[in-house]
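Everything below concerns the one structure shown next.
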Amino acid sequence: MSTQVNFFNKSIRFDNPEKIINEITEQIRYDIFKRLKRRGGVVGISGGIDSSVTISLASKALGKQNVIGLILPEKDSDNDSKIFALKLADKLGIQTIEENITAALVGFGCYSRRDQAVERIFPHYNPKDFKMKIGIKQTDFSNNIPPIFTITIIDNEGNKENKRIPLNEYLQIVSASNFKQRCRMSLLYYHAERLHYAVIGTPNKHEVKQGFFVKYGDGGADLMPIGNLYKDQVYQLAEHLDIPKEIIERVPTTDTYSAEQTQEEFFFQLPYDELDLIWYGFENNYDPSVVGKILGKDEKQIEIVYNNFKRKQETTDYLRMQPILY
């Protein structure tokens, strides 16, 4: 029992969220004005919890007049993303700039390259009659094999077809889709450079540590204020920052594919509250049996999740690497 109590005492809940907010905003202020010697910050806002907390912290740190919210939709984007982003920006009193990146993505061949790969799996697929997404096959953690990716297409009547995705097609779809994040990064730096601002990134701890970001895409930034925060901690700060309820209650999505898809479905495999506690146990070397008892899961299940964490870290190490110099 004492071990479990110790686990909770050192858990991810903040005793004083306001103190944490003040510490982060003070660090943002120092990094922008003193270390980077910039005049303000640019944040890409998507109407999601991470970008909403990030821009709220930036506004609090730098002053609303020194922060720009960039809205970067494309033809596959959820309409709610723009609606929620504008609602937050209006509440914070910050300026927003909208840049629709669809034309740029057409020029890159983002959609056509993606659709070519989908058509090799489903010959009858066409983007006018179907939406698509890829994700990880849901598992009961009864085995210790790497996650299996599947592709789903959905017709206009809502009928779904699902298949296991071959490696070559998976790689092509992902690499084509990554144009979206890299295009957004380019525009963030365009506006940052013209204003002599810094780019403030929005990834949280899980995204950084497990590699759920695009290198030189959403992984490209000058600072990442929530990069060491668990998802639950991001939500805690959101409550104290008075983020609109609709954003707090919105299910985290990738907002990448034409069909709606949650981050859990695409990458994490677990709801964030469980993910946070298991990751805390993993990085603090808690025995799987302790974490299992707290979450009501078998020790073997936690061991498998630990192994998945290790696998993700190893396979995404290159994303976090600086260029190799000779």
Side-chain angles (χ1 to χ4, degrees), residues 42-48 50-51 69-82 85 97-122 125-128 130-136 149-154 165-194 199-203 207-208 210-222 224 252-263 265-267 315-316 318-321 323:
V42 175
V43 183
I45 50 176
S46 64
D50 292 330
S51 66
L70 211 58
I71 301 173
L72 298 160
E74 45 91 19
K75 71 174 187 176
D76 291 335
S77 297
D78 186 336
N79 290 333
D80 284 346
S81 296
K82 178 180 175 180
I97 297 172
E98 180 177 345
E99 297 264 19
N100 191 301
I101 63 173
T102 300
L105 295 175
V106 170
F108 279 130
C110 168
Y111 307 113
S112 60
R113 296 172 201 267
R114 176 197 68 191
D115 293 340
Q116 288 165 10
V118 179
E119 288 169 8
R120 293 201 296 270
I121 303 168
F122 295 102
Y125 168 84
N126 73 75
K128 293 182 180 179
F130 291 88
K131 293 184 177 181
M132 59 77 58
K133 62 182 177 180
I134 64 174
I136 295 174
F149 279 89
T150 62
I151 180 168
T152 301
I153 60 172
I154 306 170
I165 185 169
L167 177 60
N168 288 342
E169 281 65 35
Y170 166 81
L171 292 174
Q172 183 168 332
I173 291 169
V174 170
S175 58
S177 299
N178 286 350
F179 278 122
K180 298 183 180 184
Q181 285 76 15
R182 292 193 174 109
C183 185
R184 291 184 173 114
M185 181 272 295
S186 295
L187 282 166
L188 284 166
Y189 272 97
Y190 164 73
H191 287 287
E193 289 172 357
R194 76 176 179 84
V199 172
I200 303 176
T202 64
E207 292 169 337
V208 173
Q210 295 189 51
F212 186 48
F213 63 88
V214 175
K215 192 168 188 175
Y216 305 125
D218 51 338
D222 297 309
M224 295 182 179
T253 67
T254 62
D255 204 18
T256 296
Y257 299 104
S258 54
E260 184 177 296
Q261 181 186 61
T262 67
Q263 292 181 353
E265 177 189 10
F266 177 69
F267 187 83
T315 57
T316 62
Y318 84 100
L319 296 177
R320 292 174 288 272
M321 288 176 59

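For clarity, every value in this text was computed on a predicted model and none was experimentally measured.
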If you compare all heavy atoms of [X] against all heavy atoms of [Y], which two are closest, and at what distance to 0.1 Å?
X	Y	answer
R184	S77	NH2-OG, 3.8 Å
N100	T102	OD1-OG1, 2.7 Å
V199	A192	CG2-CB, 3.7 Å
G211	L319	O-CD1, 3.5 Å

Hey, could you give me each pair passing salt bridge (charged side-chain N to carboxylate O under 4.0 Å, His left out) that has a residue in residues 165-181? Not counting sequence neighbours. E74-K180, D76-K180, R120-E169
Sequence neighbours left out, what passes side-chain contact (heavy atoms from CB on, under 4.5 Å) with [X]? Give chain and number order.
X	value
S177	R114, I173, T256, Y257
P127	D115, Y125
T202	V43, S51, T54

Criterion side chain to side chain contact (heavy atoms under 4.5 Å, CB included) on Y111 and K75, from CA distance to verdict: CA-CA 10 Å; Y111 307 113; K75 71 174 187 176; 3.5 Å; yes
List in chain and number order the residues that pass side chain to side chain donor-acceptor pair (under 3.5 Å) with Q116, two or more places apart in sequence or in another chain; answer none if no residue qualifies. none
Return the set of residues passing ring-ring contact (aromatic ring centres under 6.0 Å, His included) with Y216 (not counting sequence neighbours), or none when no residue passes. none
Check the orientation of Y170 and F149. Use parallel for under 30°, tilted for 30 to 60°, and perpendicular for over 60°. tilted
